[in-house]
Structure formats: structure tokens, C-alpha cells
Amino acid sequence: MAPVQISEVKGNSREHRTATHTHIKGLGLRPDGTAERNAAGFVGQAAAREACGVIVDLIRAKKMSGRAVLLAGGPGTGKTALALAVSQELGTKVPFCPIVGSEIYSAEVKKTEALMENFRRAIGLRVRETKEVYEGEVTELSPEEAENPLGGYGRTISHLLITLKAARGTKKLRLDPSIYEAIQKERVRLGDVIYIEANTGAVKRVGRSDAYATEFDLEAEEYVPVPKGEVHKKKEIVQDVTLHDLDVANARPQGGQDVMSMMGQLMKPKKTEVTEKLRMEINKVVNKYIDQGVAELVPGVLFIDEVHMLDLEAFTFLTRALESPISPIVILASNRGLTPIRGASDTLPPSAHGIPPDLLARLLIIPTHPYGPEEIRAIVRARARTEGISISEPALEAVGELGVQRSLRYALQLLTPASVLARVGGKMNAEVGVDEVTEATGLFLDAARSVGALGESVSGYIS
Ligand SMILES: Nc1ncnc2c1ncn2[C@@H]1O[C@H](COP(=O)(O)OP(=O)(O)OP(=O)(O)O)[C@@H](O)[C@H]1O
Ligand SMILES: [Mg+2]
């Protein structure tokens, strides 16, 4: 009887996708906190980068929660790029939740509810627990099949045999089939180091045993040594979750294994509501854990781009939420100057960035400034490198010039079409030259020229 194949599902690799900010790898600061002229993909904008560096330090020192920062500056001056760089500097253990102002409007969820949910996505909890586990390298993994007890042709898995090897001894375990599912979910195969929690049967893949380290080095794989000590032992487990994870996990109680409760889950709506009451309950438990020293709060970042899209009600909620004892740091970004406040344009006068005065008073404001020709050229060069586009020096000058005259965004957007033109034209190495840049500007308009063109044709159409 052949063992059931655990087919490996490869995650789709993101490496070859190039997005708007792919060239940004961090803030590019020196150890003393001053900005390099050109580092980590970031060019210029030194003061704003240094200010963001200070914020990163404060967040790491957990001294920043409950405060709000506003990145304010014209379009294309790097506000979104800065926020992204902050998240990269913080690493993966500090939650970073980016949203756009308009995201909170939906027909199904109240906007304050949507904001609250994102607040809780941005607050982490690091839980340390000592648990009884079986940990080791998987040296045998074979599900045992049996005739389907209900008859018919199907076979079911009656139990799972798994052998784990640790530094001091090996152990053969006979496990419940429900654990087999967990093992499939974690994509465990022979040679992986895993642990199984004795009480809950939860399975966690730690990494690949380093005995296999030379096998292939194609994948981003974490190699770990064979665990010390015995297979069966007590282990301190550190888990990073967000308050939102806890809310969701508790709103959707797990059903049993029997058919009735599985049917019950099918009938239930996918998203059980997380109520205010549930959140209060969870906060209470979390606070107890923190007092006992089991858990530690890790305030992260809630980034709200295009903040002028929020309305008065959302702003009031935001101001109040900032003052609650558990709150992330909130980073806002806007490219608007004096703008009416949404939802209050007939009662309140226009306000800076469309933000009401009581929130404005609580903000630390970081300005971003337009780039000079030198910086624009450097950004275009960095972009071309990330997109794998080769471009001649004169063409780079020309694109830089476009960035100064029209906008940085327009210049960056022309790079790809210009490189396509170069390839179609059969250029050597598909190098973009001045001709391709000129041709691309002819094909694709910037906003100002586009309005001009439309104006003409519309009047032509009417007359
Ligand atoms: N200093 C910089 N160094 C490198 N790349 C930059 C820099 N500033 C901006 N960019 C890049 O230029 C493009 C536009 O910047 P970004 O999207 O951050 O602007 P923004 O200030 O958020 O504009 P908007 O107000 O329109 O949202 C992005 O591709 C960004 O990665
Ligand atoms: Mg932006």
C-alpha cells in the first residue's frame, strides 16, 4: 500500500513582481540616525527620513503608542514610500497595518467598526508559554489507511505514524487523524523539524533540518539544527499575534469533528461579528496575561494614506481611540492643503489637510519636499535598475528632465513603455535611448497635456 503523497504546494513567488515601491528597502540611515544621500533605494528627502528614523526608534522602545504623525507634502514626494520604509525598518515582528482613507467605507461594515478592526490589526501581543511538546526531525511520516467504516469505496486514515528524532533519542508516535490535517497544512515532509503540542495537537513547522542544507538552495528555506534533548519535553513557545487575530479566533468558535457540527459550520455566515463586548472580554484577558508576565504588548503602526478621505465621524473616533491605553502609533499621509472636512463641509470651515483642528493639535507633522533634478535622476536610475531596464546616459537625462517639468510619477511611468519600444525596435540589449523616450512621451500624455487634448477635441465635438 503506497503511503499517501503529501504534495507540496509551492507559494507563488513574489520575487519577479515589481511594484511601485519595490526599490525602497528601508530608510537608508547611518547608525547615528543621519540619512545617507542615496541608500536602501531612498534618495534625498533627508530630513523626513531622519524624522521617520526617530519614530522607528521610539516605536522599538515602545514609547510612541497613542501618538499620531502626519506626512504632509505634494504628490509624488515619497510619503507612501516613507511609510513603507518605516514598516521595513520595524521588521516582521512589529505589526504594520496600511490602509487608505477610503477603505473604511463599505455597505456592510460601519466605518468606525472598520477603523477599530484596523486599530487592532496594528497592536501585537507577544505571548510566552511553556508547553509540553514532542519536537524533532521527521524521519518517518506514514498515514495508516483503513476501510471506510461507513462502507463504500473510500478509504479513511485511521491514524498517523510519525517518528521524530532529537539529539537524545527518537520517538515513534501514533497520532489521531485530525493531526494529519494540521501536518498537511504546515506542508511537513521528511527531514523537517516540527513540534506537536501535547495538549492541543497543534503542529508547527520550525524549519528544515540542517542535515539537508546542501540539498537544493533554490528555496528561501530556514535550516535549523536537530533539537537538543529528548523528543518529549517542555518548551518555551513565543507567539506573535495581533489583537485582531484574537478577536477573530474567538468570534468563530471551533466546532467538533462530527458531521453535525461540520454542517453547522457550513450554514453559519463566514464572518461572525466581532462585537464590542467580545473585544472588552479579550482586552480583560490580555491585561491579565500582561500582569502575569505571560504576554507583552507590542504596539505597531496603523498607516492611513490619503487621510483627507476620512470624514468627521471617523476623525472623532480616531482622536478618541488614540487616547485609549492600548493604541498603536498612527501615521497619516496627505497631499492636500486647505481642504473641506468630509462630512462637515457645511458646518466647519476648510481645515489643513482636511483634518479637524482637535486632531491636528495632536499631530507631529513631517513635511516632504519636491525633488530637484539631481534627485529625480537618481530616483529614475534606481527605478530603472529595479525594473531591469538598461538606459543610456542621455536618455536618463531626458527622463530626469521630464520629471522636473511634468512630475516624478510621470517620468517613472514612462520607463516601462520606453523599454518595450526599445525591445520592439530591436535595439542592442534593448537599451532605452533618447528616441524611445521621445516616442513614449508622444504616446502617453501627462495630466496637463491630456486635459489640453481633451479640451480641444470636446469643443470640436460640440461645434
Ligand atoms: N526619495 C525617494 N527615493 C526613491 N524613490 C522615491 C523617493 N520618493 C519617491 N519615490 C518613488 O516615487 C514614486 C512616488 O512616490 P510616493 O508614491 O511615495 O509619493 P506620495 O508622496 O505618496 O504621493 P501621493 O501624494 O500622490 O500619494 C514611488 O514609486 C516612490 O517609490
Ligand atoms: Mg501616496
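Numbering of ligands and ligand atoms starts at 1, following listing order. This is a predicted model, so every value here is computed, not measured. Hydrogens, waters and symmetry mates are skipped; everything else that's a heavy atom, side chains included, is used.
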Option from R381, E374, E375 for which side chain to side chain contact (heavy atoms under 4.5 Å, CB included) with R377 holds: E374
Taking the side chain as C-beta and beyond, is there a heavy-atom pair between L141 and R189 under 4.5 Å? no
Heavy-atom nearest neighbour in the protein, as seen from atom 4 (C) of ligand 1, with distance rounded to 0.1 Å: G41 O, 3.1 Å
Begin with the C-alpha distance, continue with both residues' side-chain angles, and end with the deciding distance and a verdict on side chain to side chain contact (heavy atoms under 4.5 Å, CB included) for E129 and Q239. CA-CA 8 Å; E129 278 175 292; Q239 253 180 306; 4.0 Å; yes
Closer than 4.0 angstrom: is that true for some heavy atom of G76 and an atom of ligand 1? yes
Find out whether D305 and P98 are in side-chain contact, i.e. whether some heavy atom of one side chain is under 4.5 Å from a heavy atom of the other. no
Do you know the tightest heavy-atom contact between L359 and F315? CD2-CD2, 3.5 Å
Relative to atom 6 (C) of ligand 1, which among I379, L84, T80, I376 owns the nearest non-hydrogen atom? I379
With heavy-atom distances below 4.5 Å as the criterion, would you say the side chains of F317 and K111 are in contact? no
So if I count the atoms of ligand 1 from 1 in the order they appear, which ones are less than 4.0 Å from some heavy atom of F42? 1 (N), 2 (C), 3 (N)
Could you tell me whether Q45 and ligand 1 have an N or O pair separated by under 3.5 Å? no
Proximal ligand 1 atoms for P75, defined as those under 4.0 Å from one of its heavy atoms: 23 (O), 24 (P), 25 (O), 26 (O)
Can you find a non-hydrogen atom of E306 under 4.0 Å from ligand 1? yes
Is any N, O or S atom of N335 under 2.8 Å away from the Mg ion (ligand 2)? no
How far is atom 7 (C) of ligand 1 from its nearest protein heavy atom, and which residue and atom is that? Y371 OH, 3.3 Å
Could you check whether E306 and S102, counting side-chain N and O atoms only, form a donor-acceptor pair closer than 3.5 Å? no
Within the 4.0 Å heavy-atom shell around A81, which atoms of ligand 1 are there? 18 (O), 31 (O)
Measuring only between side-chain heavy atoms, which start at C-beta, is L360 closer than 4.5 Å to S351? yes
Of all protein heavy atoms, the one nearest atom 9 (C) of ligand 1 is G78 CA, 3.5 Å
Shortest protein contact, atom 1 (N) of ligand 1 (heavy atom only): V43 O, 2.6 Å
Please list the nearest protein heavy atom to atom 13 (C) of ligand 1 with its residue and the distance rounded to 0.1 Å. L412 CD1, 3.7 Å
Within reach of ligand 1, part of L82 (heavy-atom separation under 4.0 Å): neither
Under 4.0 Å from any heavy atom of L408, which atoms of ligand 1 are there? 12 (O)
Say you draw a straight line from NZ of K131 to CD1 of I196; how long is it, rounded to the nearest 0.5 Å? 13.5 Å
Result of checking R120, K277, R121 against D247 for salt bridge (Lys or Arg N to Asp or Glu O under 4.0 Å): R120
Which residue and atom name correspond to the protein heavy atom nearest atom 30 (C) of ligand 1, and how close is it? H21 ND1, 3.4 Å
Any idea which atoms of ligand 1 are less than 4.0 Å away from a heavy-atom of N335? 24 (P), 25 (O), 26 (O)
among protein heavy atoms, the one nearest atom 29 (O) of ligand 1 is T20 O, 2.9 Å
Check the pair T416, E387 against side-chain hydrogen bond (donor to acceptor under 3.5 Å, both in side chains), reporting the backbone distance first and the verdict last. CA-CA 8 Å; T416 320; E387 293 191 37; 2.9 Å; yes
Please state which protein non-hydrogen atom is closest to atom 26 (O) of ligand 1 and give its distance, to 0.1 Å? R409 NH1, 3.0 Å
Quick look: H23 vs ligand 1, heavy-atom contacts under 4.0 Å, and the answer is side chain
Taking the side chain as every heavy atom from C-beta outward, state whether I304 and L318 have any atom pair closer than 4.5 Å. yes
